[in-house]
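Beneath this line is the structure, given in structure tokens, with notes to follow.
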Amino acid sequence: MSLIYNEEQRMLLDTAQEFFAERSPVSALRALRDRNDALGFEPALWQEMTELGWTAIAFPEALGGLEFGYKGMGTVFESAGRYLSASPLLSSVVLCGSVLEQGGSEAQQNEWLAEMIAGSKRLALAVDEGARHNPERIALAATRTEQGFELSGDKVMVVDGLGADGWIVAARTSAAADGVSLFIVPAGAEGVAVSRQNLIDSRNTARLRLNQVQVAPEQLIGELGQGNALLQTALDRGRACIAAELQGACEELFKTTLDYLRTRVQFDVPIGSFQALQHRAAWIHVDLELARSSLMAALDAIDRGDEQAAQLVSLAKWKVGQVADKVSNEAVQMHGGIGVTDELDVGLYFKRIRVLQALLGDADYHLNRAAPLLEET
Amino acid sequence: MSLIYNEEQRMLLDTAQEFFAERSPVSALRALRDRNDALGFEPALWQEMTELGWTAIAFPEALGGLEFGYKGMGTVFESAGRYLSASPLLSSVVLCGSVLEQGGSEAQQNEWLAEMIAGSKRLALAVDEGARHNPERIALAATRTEQGFELSGDKVMVVDGLGADGWIVAARTSAAADGVSLFIVPAGAEGVAVSRQNLIDSRNTARLRLNQVQVAPEQLIGELGQGNALLQTALDRGRACIAAELQGACEELFKTTLDYLRTRVQFDVPIGSFQALQHRAAWIHVDLELARSSLMAALDAIDRGDEQAAQLVSLAKWKVGQVADKVSNEAVQMHGGIGVTDELDVGLYFKRIRVLQALLGDADYHLNRAAPLLEET
Amino acid sequence: MSAIETFRAETRAWLEANCPESLRGPAAAGELVWGGSQVEFANEDQRLWFERMRDRGWFCPAWPEAYGGGGLAAEEDAVLQKELKRLRCRPPQINLGIWMLGPVLLEFGTEEQKQRLLTPMTRGEVRWCQGFSEPNAGSDLANIRTTAVDEGDHFVVNGSKIWTSYGDKSDWMYALVRTDNSSPKKQEGISLLVLDMHAEGVDARPIDLISGKSSFCEVFFDNVKVSKDNLIGPLNGGWTLAKRLLQHERSAMSKFGEFSLPTHFDLMSILGKYLPDAETPSDIALRARAQAAALDEHAYNLTVQRMGEAARAGQDVSGIASIMKLVHSEQEKQKFELLVDAMGHRALGWDGDEFSEQELGISKAWLLSYTQTIAGGSSEVQLNVIAKRVLELPDAPKGGAK
Amino acid sequence: MSAIETFRAETRAWLEANCPESLRGPAAAGELVWGGSQVEFANEDQRLWFERMRDRGWFCPAWPEAYGGGGLAAEEDAVLQKELKRLRCRPPQINLGIWMLGPVLLEFGTEEQKQRLLTPMTRGEVRWCQGFSEPNAGSDLANIRTTAVDEGDHFVVNGSKIWTSYGDKSDWMYALVRTDNSSPKKQEGISLLVLDMHAEGVDARPIDLISGKSSFCEVFFDNVKVSKDNLIGPLNGGWTLAKRLLQHERSAMSKFGEFSLPTHFDLMSILGKYLPDAETPSDIALRARAQAAALDEHAYNLTVQRMGEAARAGQDVSGIASIMKLVHSEQEKQKFELLVDAMGHRALGWDGDEFSEQELGISKAWLLSYTQTIAGGSSEVQLNVIAKRVLELPDAPKGGAK
């Protein structure tokens, strides 16, 4: 068990931070937003990330990966979080890539995974159906037909769902609680309608409507009715990466806030000299440290294949998510009037942080899911 | 509806405050504690309170009362709270008195209520059986016998149960959720064992063990199996009075803490000039004001016979209880090292407040019970 | 019948006859009439009510008739207000000039200023805005830097103001400006000036907030000429007037609140919609948090009521009054946080058809709620005031702690 | 085999042979041996282990042999500590003198003082206590008022100390005293003195806490004569030594924590006992609160681990280290609050048969937990330190805010 980045990982972290600072600072997100870009990321940037090998970081060498693990991936996500840099790394590589890596047939891996790593195709994962994340309650139905399967139902909060080359859709194939199967639905399939859910963070989020969509048997990933385990593994990796992105965003936003506290003068003194603000800032520092430890434990547990990995991921998503609410709230409040204007980047951080907090399970969801950790002691 | 004391009530408040300040300041509680007094109050003081007519405040004139209502009673309880003055006013007059007023036969009222008002007898109410207040789960059984009833079971947290002239015991007489009946068990009845539960507040709290106690039919209060309504009315009055006592104790403790903040010097300045402490103190002021309004609404609702009285009482017990935790916690912390010593009265307030918080339902219990208030709006 | 009872009867009859039915009861956002040179009426009833009240002098019923006011005695004004309230008549127009600047002008203005500035107010012809805050003078208002330099017969104003509501739609502004940079106390070099928003060099730009478009403006002054008769009160004596003016702000805001119907989002009923059967432990815990917040709001409403009763009974309510803004704005923020928790991504919509109008309304109101704990005296300032004025905790002595 | 490996093998063999089985593993409260003139052994094993370690010079293994130490090189000492840990040997005695005063004496004491004071320490013959805090010098330690007045060949000490652990059972005290009242900086008039607790005029009285009896004492000095050779370091130079001494406090405390087995109350398992089936919404909400607190504790434990790793990797861990005391003490307090919520009146017992030993233990530990956020640097002081040293937020400038 190791809760710090090793030498190699620190180098990757430095590289990633420099890359995003230079190639995709916050102003890039602002520009995407201001032109109401539905894709929500810059294809050119994505291309560069691919060329840097970041799509390959976590995959085994046998599949063309670098076997650098999720701690490696974490360094990229926390750096992206710092600059609110947008890319389909989460949706395509972490979420769909994990499903294909763990459960894809050789044909599926050839058709999708290799091209995904090469940057020529991207997929998006369609799981959620309700207002809040709840993969235990998937209702979208896949029924057997003579030719294969027929899928009907709605998906929401499909991250980077617009313009994807295909979607991995979680569908119910039996009434059992975990009777879920995963299907690849290629873009352009008849009966699929994609619409934009324009959220406060201005990213690419889609609603997917499936109306009697016909899916060939080869598009089923893994065994029928066995999709849940695949899905949970992929979701946990995604959650850990989201936690990393959140942690990065929170640390950066807190840094900005501290700078403001040091320099903004009111009543002839820097407002950072007011003890009430100092103590609130100190508590945020405390929580960021606790969150950081939880995050590192989650990434590490995934890489070690720890049997408590799922709970540690939930611990991280819970703790980081909770801190994130607090940091974003205090950042706005401590910036005062200027903090609620769109002129400052604070609002952009606030909005992205709040979406990340909700994504793949909010703090309430993960509190419950992390609880088994407490039975050990 | 009126949320302030009227002229008459303010006069009673002034009288009560003067009385307790002079006759039963905190040092009186300390003396009782130091001599490990099991009775937990001074009989002479109780006699004086009786002579002042305070045992009669809330009863109708027909029963020898003053018809001064629970707002009147509230003034006495908040004043007692300020000085941590101990008396059986809650246990005997408010709780048992209410039961007898509402449901007692003429004979019962003559035998007990009149003497209670006159100060020559006192009763204690035995309701709780578990670790936390839960009158919905009474298990102590009363079974029919040829001569009357036989009671067997344990009661805990019987306030002023030691040395009482009798107890009103809530017993289960049918399996229905509210199948509860109330019986008067006189002191000395065979099969009753009373032992002291010595709590941190050094008051009179008892465990009652009933082992095949024979009770005559005349000792049943009201109709068989109809005791629940009587009990709930009495408990709500008790809870409102406890909330008043808590509010008084909290306001006084906060005042003491503010005095300390103004005068204690560290690092060459009064610690009350530290903004972090100022803001925490300001939040306590806020909560005390909200609690005060809830308390007044509860007392007023009882006096008006408002149909939401039970919910408003729970609002008060919840809100005051919640503030009480915070005030007592901050009082200790803000007093620093000296705050955790027994030398200061802060600890005595802390301990009494925590017991009152738990008594007849803590904040968690009442949050739930107050919730129907929210359906109206 | 006494004179006042006669007045009451006549007033009631007049209002019954003249206040259109459609203008009784609270108004939805955007349904209020703002007086001024570009006054707009959504319908004929609004125009009628505006003109009838104007012609009766009842835009400003208690002001002297000499300036177009109604000339009512205090007792009569009280009766009128009561009757307006009884019929739930909406104000015929909203105008910061009348509510905030007017009383100060009546007290401190010259006769010429009263004639020139008050009369158009009483006719609803001029829309006023406030120019107090600046980028560097938020909580610390005395820190303003917008200057008015004496150029003989006029001042030349340079600088900028921020958080000016409807600055782009107003005709005139009352503003705090710095007229003396040399005084050791910042408060002593400030004057109160009124100026024409249509003058050359004035530029009002709406501010985008995290919640989107807003009615707040930043107003820039580039060598704006303001003739000297627009100085209100003494030169460098503006701080006193500003404090007086801000005292009217709370009552103005509460008046505004009485008649506008802010889109109110009820926590528990919306929560019930999104968490219809709270089954999982985390849903149940969330509902318990929401109940606690809603009960706290209930306790706040009881406190408003108690404060009213105590004030009417002649008790000192300064301790209660001091918590109101703080509690209300913090509770609102907390309420929206809980709604966001319960609604998940349904509360995170920005625009488009994917979200209902109520959902988008909640998102915007949530983001806007962050403004409430900052504007009009931040929560931190409120806490300072409570600590120092109500709890009488000491100031940090000169020299500070080590 | 290298010399150090030989040392390791010999040490291991010696410990295996000489550390009684019963003294391996953590000790329950009250099972530790405190060295001193009134040393008490609960059993023969304790006495044996005490004497064997003493005779080998391993009460102070790295101190010079000249003062009775073990004379081990740093590398050897590290090996010994590792082996002690491996076998989970309890310390043969607890003595603040060795852990806190000793290192300072080695650095700043005169040769005569080292001979006189260190040798009995290495023999376990003197029990030491600390006299730093005073009623008016809590967080602000420099504010001490206990005076030592120069009377030629001796000082006369007057005043009092508070929060002296086991002051009533100790033989000697190291104390901060004021030797100069005239210096403008409070820190500059302070000296470090050692004194005999059995001397005339010394009176140590245990302090009652809100949790009941305690091991803390208030110590009063009434014209206590202290000969001048008991001044450690320079006159009026005690502040520097005190800071050095307090640096050893954390490591001493953690050493203490390693071996004593504080009655640990596990939140979730006790909660499970008192809320076996959390059924009502309020019980479920309470359990969720407890889970959150327990997970926070888990995050804290991970942070301790991360700090260790980072330190070993040579990273700067001052930012993490700064939160430890604050988080741990606040979490403990919160844990007990939750236990009290869940246990109801079962956690409110003071004494008597009506409550189980564990229940009474929880009540006491709960009340005592309030001490933890105050003693040894209150939470407020911790937050100040984080804000200023870690976050580099500015001090309030002289003159303060207005």
Side-chain angles (χ1 to χ4, degrees), chain A residues 33 36 128 130-134 136 156-157 195-202 205-207 264-269 271 273-277 280 325 328-329 332-344 346-348 350-351 354-355 357-359 362-369 371, chain C residues 133 135-140 142-143 162-163 186 207-214 216 218 274-275 280-283 285-286 289 333 337 340-355 359 363-364 366-368 370-375 378-380 383-384 387 396 400-401:
Chain A
R33 182 197 70 170
N36 198 20
D128 280 335
R132 297 161 79 198
H133 180 61
N134 194 348
E136 286 75 28
V156 295
M157 284 292 275
S195 53
R196 182 175 183 196
Q197 294 194 299
N198 194 7
L199 301 186
I200 54 173
D201 69 346
S202 314
T205 312
R207 175 190 289 273
R264 166 75 170 177
V265 170
Q266 289 276 277
F267 303 104
D268 301 329
V269 300
I271 60 173
S273 68
F274 290 123
Q275 198 197 29
L277 297 186
R280 278 153 55 186
D325 275 356
S328 53
N329 187 332
V332 172
Q333 183 71 24
M334 287 181 178
H335 274 85
I338 197 77
V340 294
T341 67
D342 184 59
E343 192 187 332
L344 249 68
V346 170
L348 297 176
F350 180 95
K351 291 171 188 171
R354 293 312 182 103
V355 172
Q357 208 279 344
L359 210 58
D362 59 16
D364 285 311
Y365 177 86
H366 287 291
L367 167 65
N368 218 39
R369 196 165 173 270
Chain C
S133 292
N136 279 299
S139 296
D140 184 10
N143 206 33
I162 199 167
W163 306 118
K186 294 185 296 185
I207 300 170
D208 283 349
L209 297 184
I210 55 173
S211 49
K213 299 282 169 214
S214 84
F216 295 114
E218 188 159 7
Y274 288 86
L275 280 184
T280 64
S282 41
D283 285 354
L286 170 54
R289 292 206 310 274
K333 207 160 86 173
E337 285 293 323
V340 171
D341 284 348
M343 291 170 62
H345 86 282
R346 305 309 302 167
L348 300 175
W350 183 251
D351 60 17
D353 303 335
E354 278 288 330
F355 299 94
E359 286 170 341
S363 304
K364 292 286 149 70
W366 166 51
L367 294 170
L368 206 55
Y370 279 82
T371 316
Q372 302 307 314
T373 57
I374 294 168
S378 67
S379 291
E380 287 76 12
L383 290 166
N384 287 342

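What you see below is based on every heavy atom in this structure, not just the backbone, and it leaves out hydrogens, waters and symmetry mates. Letters A, B, ... mirror the listed sequences (proteins, then strands); counts begin at 1.
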Let me know if [X] has heavy atoms under 4.5 Å from chain C in its side chain, its backbone, both or neither.
X: Ala276(A); value: neither
X: Arg280(A); value: side chain
X: Arg196(A); value: backbone
X: Leu277(A); value: side chain
X: Asn329(A); value: both
X: Val346(A); value: neither

With only heavy atoms counted, which part of [X] is less than 4.5 Å from chain A, the side chain, the backbone, both or neither?
X: Ala142(C); answer: neither
X: Asp353(C); answer: neither
X: Leu348(C); answer: both
X: Ala347(C); answer: neither
X: Ser133(C); answer: neither
X: Leu383(C); answer: neither
X: Phe355(C); answer: side chain

State the CG-CZ distance between Asp341(C) and Arg354(A), to the nearest 0.5 angstrom.
-> 8.0 Å
From Ser282(C) OG over to His366(A) NE2, what is the distance, rounded to the nearest 0.5 angstrom?
-> 10.0 Å
Test side-chain contact (heavy atoms from CB on, under 4.5 Å) on Asp283(C) and Arg132(A) and set out the steps.
-> CA-CA 11 Å; Asp283(C) 285 354; Arg132(A) 297 161 79 198; 3.1 Å; yes
Main-chain N/O of Ser195(A) paired to Glu354(C) side chain as donor or acceptor, under 3.5 Å = no
Looking at every heavy atom in both [X] and [Y], which two are closest together, and how far apart are they?
X: Asn198(A); Y: Asp351(C); result: ND2-OD1, 2.7 Å
X: Gln333(A); Y: Ser378(C); result: NE2-CB, 4.4 Å
X: Asn368(A); Y: Pro281(C); result: OD1-CB, 3.6 Å
X: Gln266(A); Y: Asn136(C); result: NE2-O, 3.1 Å
X: Ile200(A); Y: Leu367(C); result: CG2-CD1, 4.3 Å
X: Lys351(A); Y: Ile210(C); result: NZ-O, 2.7 Å

Given Ala131(A), Gly347(A), Ala371(A), the one with more heavy-atom pairs under 4.5 angstrom with chain C than any other is Ala131(A)
For Arg289(C) and Asp364(A), what are the C-alpha separation, side-chain angles and deciding distance, and is it a side-chain contact (heavy atoms from CB on, under 4.5 Å)?
-> CA-CA 11 Å; Arg289(C) 292 206 310 274; Asp364(A) 285 311; 2.9 Å; yes
With sequence neighbours left out, write down each residue that passes ring pair (Phe, Tyr, Trp, His ring centres under 6.0 Å) with Phe350(A), or none if nothing qualifies.
-> Trp366(C), Tyr370(C)
Kindly check if the number of other-residue, nucleotide or ligand heavy atoms within 6.0 Å of CD (Glu343(A)) is above 12?
-> no
Under the salt bridge (charged side-chain N to carboxylate O under 4.0 Å, His left out) rule, collect the residues that match up with Asp140(C), sequence neighbours excluded.
-> Lys186(C)
Tell me, with the steps shown, if Tyr365(A) and Leu286(C) meet side-chain contact (heavy atoms from CB on, under 4.5 Å).
-> CA-CA 10 Å; Tyr365(A) 177 86; Leu286(C) 170 54; over 6 Å; no
Of the listed residues (His345(C), Arg346(C), Glu380(C)), which shares the most heavy-atom pairs with chain A below a 4.5 Å separation?
-> His345(C)
